[in-house]
Structure formats: structure tokens, C-alpha cells
2 protein chains.
Amino acid sequence: MDAMSTPSARLLSLLSLLQTPREWPGSELADRLGVSPRTVRRDVDRLRELGYPVEASMGAAGGYRLAAGKAMPPLLLDDEEAVAIAVALSTAVGKPVSGIEQASLRALAKLEQVLPSRLRHRVGAFRAATESLFTESATPVDPHELAVAAAAVAGHERLRFAYQSGDGSRTRRLVEPHRLVLAGRRWYLLAYDTERDDWRIFRVDRMTRLQPTGVRVPPRELPEKDAAAFVTRRMYSLAPTYEVRATLRLPAAQAAERLGAAPGELRSIDENSCELHGRADTLEWLASRLLMLGCEFQVHEPPELLAHLRVVGDRALRAAVPRP
Amino acid sequence: MDAMSTPSARLLSLLSLLQTPREWPGSELADRLGVSPRTVRRDVDRLRELGYPVEASMGAAGGYRLAAGKAMPPLLLDDEEAVAIAVALSTAVGKPVSGIEQASLRALAKLEQVLPSRLRHRVGAFRAATESLFTESATPVDPHELAVAAAAVAGHERLRFAYQSGDGSRTRRLVEPHRLVLAGRRWYLLAYDTERDDWRIFRVDRMTRLQPTGVRVPPRELPEKDAAAFVTRRMYSLAPTYEVRATLRLPAAQAAERLGAAPGELRSIDENSCELHGRADTLEWLASRLLMLGCEFQVHEPPELLAHLRVVGDRALRAAVPRP
DNA sequence: CCATCTAGGTCGGATCCTGGCCTAGATCGC
DNA sequence: GCGATCTAGGCCAGGATCCGACCTAGATGG
């Protein structure tokens, strides 16, 4: 333990100790912090005054611990925990659903800003290991670059990057980032392209070599009020999606449960079948989800999905024929 | 903003402000914290002395921001970010791979300990929404209960719960938790059953109504040195698993990449095929992963997987036949 | 009923903290 | 190049805070 000379440093260490899921007797805390038990009691008081609910169980074998309160206390993580959170957020952000993607992204950007570099390497390694497991998306976005972009948005910093547009041509861009928007299962950066003097939308998974320039610029006004609307209007030109229509031999309630969030539309047909309307961007993802439902189903559209199902079905049957 | 009377409270707020991915001019910080700019400079100094690397850009339009340093600073999260992290950790823990499961679990336990209850509800809601999306596992474990168990392990607290054993019988248990072990894709609790006076292993997904008793007991010694070894020896009686053997028409390198972490064993056969040896606990999971590889393959074992592939293949082909 | 823990009042002396004022150095825009 | 604007940090004096020591009260478990 360090000197713990100042009360501030002591409060921080105290918070860190109390976050461990165990009880600390005052005497042990005093020992660890290098102060008298009386001072520990006063520090506990201070924490309580700051809004952190330190619980104490009285009597012999009593002790202090931090309980759930009204506000989030500062989280004091050790190295491994920090890495675990970074990895978890990365996969969450790379496979966004839910409706808290913006918050996940903010949290990731915040964490990456202060993550020591030696930990950063470990995060990268784990990310590489886990990412390919969830190979649902054809081109999963790099969470690190996403975080860099998010930081640039939040800091109003000019951003430089290489972009590969839909037709394959590569360009260098210098933009003023405005917002990151999740649409479908992809992230888009809405930004003002300073070289082309116009608003542009970039698919984040097509951006590489992001370099925050550090140059802060006053936020520019959008031509339209809602960034998300602006994006969705232009988005479909960038992201070819498939509209699915299928009949599932499964009660609508169960189908909703198994499909989880963002299932698209489900309409009940009768007590044990329903119709699914949805949209997705890769056939593999669609086919896999439908097959994982574990029920009979019929696909009506799109024709590409019908073809893909035939391919997958044939492949499964061939795989099931034992050959030496 | 609050009073910020004491330097400790001020330092915490300052840390929170500096974690935002933007630059803060000293004057604005002074304003927000309700102190003079000189004091802000001193506070910044204090933070630096505590080991938090506050970066400053000089000149006009300069400012302060928190950079990556040697140690993790305390993370100050707003409500949404806290929820996002909790959700991300939950799915990471419920679908464990990687090799940082223990750390993820610790982080989740730490977070849940201090998470305000109103946020806890939101986490539960998001969890329910996202969980069913990744319905790979037959009985996904409840991350919240896992966190409770982890806290009991760390705090040496007796734990009470209801258990449904493999044969379907239900019992109430009172145990002294010793360790949580991840084996295969399942979590097991190694604990001393105080009523049966012996060490037992419980599948966490079969535990319900966990109640930490708050009773702290001195840690008991394991009969064998390594808990993980003890578990793995007994585990296979609890978890029926399938041993897979298959030939993939894919170069070994590519297969490893697409399979990601824990692919089992891959042995290269020739330049564009390889043999896979692995183990998994559900056929659906296995079949889906193999089909997602996007290459031809032949399954040799187990026979159950052959049967399941035939079922899935037939179903896919039936689904691809348009019917009114 | 006693040991052990939290809770908290009081006091004096040492320490620290603050704001004001100063100079120095870096950087950017004009 | 020059001035504006920012960080950096020394110095000082008055006041607030903090600390340990010592005390009593209350809760709890063996």
C-alpha cells in the first residue's frame, strides 16, 4: 500500500476496498490505510455524506461494505476486470441490438480513453479470439475504431480516415464527425466532409486507419433536425437489405420469445403458427436464425433466401452422409 | 452541481469531468466546481500525484483531459453507461468463452453490488430482450444469479438455494461456496454442503432462488489442491457432452479463424481441408456453427449429430419450397 | 454477561487548503 | 511577429480542516 497521506487518496482506496464483495472490520481498514480507527470512521462518514451508502453490520463479526445506493459510485477495477469489461463492451457494440448501443459506445469510449496501454493489448487479443465466434455479421465493425469515432464525436474533433466506398474505390477523408447512428445491424457515421463541403454518411466498417486530429471545431448545424432521420433516408442506398416474409409453425408468443429483440413484425395466424416480417442484411444470418428456431417454417420472400436455404440444406444432408 | 465543499468530493467530480472524451479549459472546470482556477490547477496536480495522468494541451484553446496511464483510474459512469456495462457483462458471462470469465464475473459482481435498484430493473429488462437472441445454449444461466453466487464465494458467505438435480428431484441446499468454475460452456459451483457434510458440485443453471445468508464462515480446505481439477473429474457425470469429429473442406488456418476461440483441435489434412475434433453440449449449437462456416464438411461422429443435421437439412429444404 | 464491533461527542495542535497575486512558457490566430 | 489565451507553478497569510486520543453508548453473538 502507498503512503495514503492525503484524505482524498484515502477515500479512493477506501472505496476500492469496500467494493470488494466482503465485509471489512474497521480495525483492518485502519490498518490497510495506515490511519487510526477513528479516522476510518470519519472517512466512512464522509463517504456517506457524498452519497455512497456504506452499510455496517454491528456487533461482533461486524464490518463495513458498500451497498447499492441512489447514484453510481466510481468503479475501481483491477486490471483483469477492466479488460473483461472492455471485451464485453466490444462484443456488445460489435453486435448491437437492444437500444443501449449509444450508451455502450459511450462507456467503451470512456474506458478506452483511460485504459493503460498494456491492458489495451490484452483487450485486443481477447477481442480477436471472441470476435470470430460470433461471425454472424459479414463485416463486423472494429469496436476499437468505433470507440475512436465516438470519442471524436464527443470531443468535436476533426477525424481523418481511409474510406472504401460501395464501388470499391478508396479515398482519404477529413471530416467533422457529428453523430454515430445504429441502423439495422450496422454503424454509420454522420459527418461533415470538409473537403467536399457537404454532409456525408459513412459505414464505420468501411472506415480504416482512423486518426483523431486533435483539432477541435465548433459543432456544425445539421440541415435537418434529426440526424437519425437524415441517416435512415440515405441509408438504404448504402446497405442492401433483405425483406423477409415467412410463416413459422410456432405460436406467436413463443416465436417472439425465441427471436428476442428486434424480431421485426410477428402476426399470429392461428394458435400454433404465425407470420414473420423482418429485415436483415445477410442471408447467412437470416437462415441461421430461422433454423435455430427449432420449428418448421416456410419462407416466402426473398428468393435469395430460398436459394440459400437450399444450399444450406443440401450441405447439411451431404455432411450427414458418412464417408471414409 | 453540489456544494463541492471538500477537496475529496471535488477530486471525484473532477475525475468524472475529465473522463468525458473532450477537453476542459481550466476556467470552465473552476466554474463547474465552484472554486478558483488556481485551486483547479492544484487539484489537477493532486490527481497527477495520485497517478492519474491528466494531460494538458497548452496555448489558446488548450485544456485538460484524462489520458491512459499506468493504473486504472476509478471509472465514473452515468446511469446509462452503468446499465450498458452490466448488460454487456451479463451476456459475456452467460455465453462464456475466452478465458476471462472469472474476471468478467468478478466485475459483474462488483458492479451489481453497487448498482442502484432503479438501474437494476433496466438491466433486467435489457437482459431479457437480448438474452433470447443468443439462444445457442439450451439453458442459459442467469447472470444475476451467477453474480450473487460469485459474491457469496468472494465474501465467504453461506448460500441458500433450491436445486434441481439431474433426475428432476428438487431440494433446498445450504452450502459454503468455494469456487465457481467454468467447464465446457457451463458454470459449476463447487461448495461444501453443510447439511450433507461433503463437497458437492452444482450446475449453476439448475440453481434457483439464491439467498446469500450474510453469515460469514472461515474458508474450508479442499480435499484436493486444485478446485478445477476436482470439478472436471466429477463434471462429466453431470454434463453429457458430444464429442465431434468432422472433416472440413477449408484450410486449417481459415477454419481456425472462423471458429475462433476454443475450436477444439484442428488438424490440417491437405492445403484445403482439415479435421476438427471438439466437444460441445448441444446439437443445435454444433450444427449451427458448422453450417455457419460456409464450407462443405463431413461429420463422422457423433451419430446424434448426423441425425440432427438430417433433420435440419430436411427442414431447410422444406422451408425453401414456396407454398401458398 | 462479556468480548467485539459500530457510532459518535469533544479537544488541542498540527496540517492543509484556499484565493490572490505574481512570472514563465507554449501555442494559435491575426 | 505580436498579442491573446491558455497551462504551470512559486509565494504568502488567514482560515478551515484533519488527526489521534480518549471517552460513552448501543448492538450483537457466543
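Lettering of chains follows the sequences in order, A, B, ..., and the numbering in each one begins at 1.
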Interatomic distance, B:R48 CZ vs D:dA8 C1' [rounded to whole Å]: 8 Å
Separation of C:dC5 P from A:L29 CG (nearest whole Å): 12 Å
Interatomic distance where CZ belongs to B:R10 and C1' belongs to C:dC17 [whole Å]: 8 Å
Integer-rounded Å distance: D:dC18 P and A:D43 CG: 9 Å
Contact check, side chains of A:L15 and A:L66, non-hydrogen atoms, under 4.5 Å: yes
Nucleotide nearest A:P25 (side chain, heavy atoms from C-beta), chosen from D:dT7, C:dG19, C:dT6: C:dT6
Sidechain N-carboxylate O distance under 4.0 Å for B:E55, B:R65: no
Length of the CG-P vector between A:L11 and C:dC16, whole Å: 16 Å
Interatomic distance, A:D31 CG vs D:dG20 P [rounded to whole Å]: 13 Å
Rounded interatomic separation in angstrom, taking CD from B:E49 and P from D:dG9: 10 Å
hbond_proxy A:R41 side chain to C:dG8 base (donor-acceptor, 3.5 Å cutoff): yes
Nearest-nucleotide comparison on DNA chain D, the residue closer to the 5′ end among B:R38 and B:S27: B:S27
Heavy atoms from other residues, nucleotides or ligands near CZ of B:R209 exceed 12 (cutoff 6.0 Å): no
Spacing between A:L47 atom CG and C:dA7 atom P, to the nearest angstrom: 12 Å
Residue mapping more 5' on DNA chain C - nearest nucleotide basis, A:R42 or B:R46: A:R42
Phosphate OP1/OP2 of C:dT18 contacted by B:S36 side-chain N/O (<4.0 Å): no
Between A:W24 and A:Y64, ring centroids under 6.0 Å: no
B:M58, nearest nucleotide to its side chain (from D:dA8, C:dC17, D:dG20): D:dA8
B:D45 vs A:V40, nearer the 5' end of DNA chain D by closest nucleotide: B:D45
Ionic contact status for B:R158 with B:E176, cut-off 4.0 Å: yes
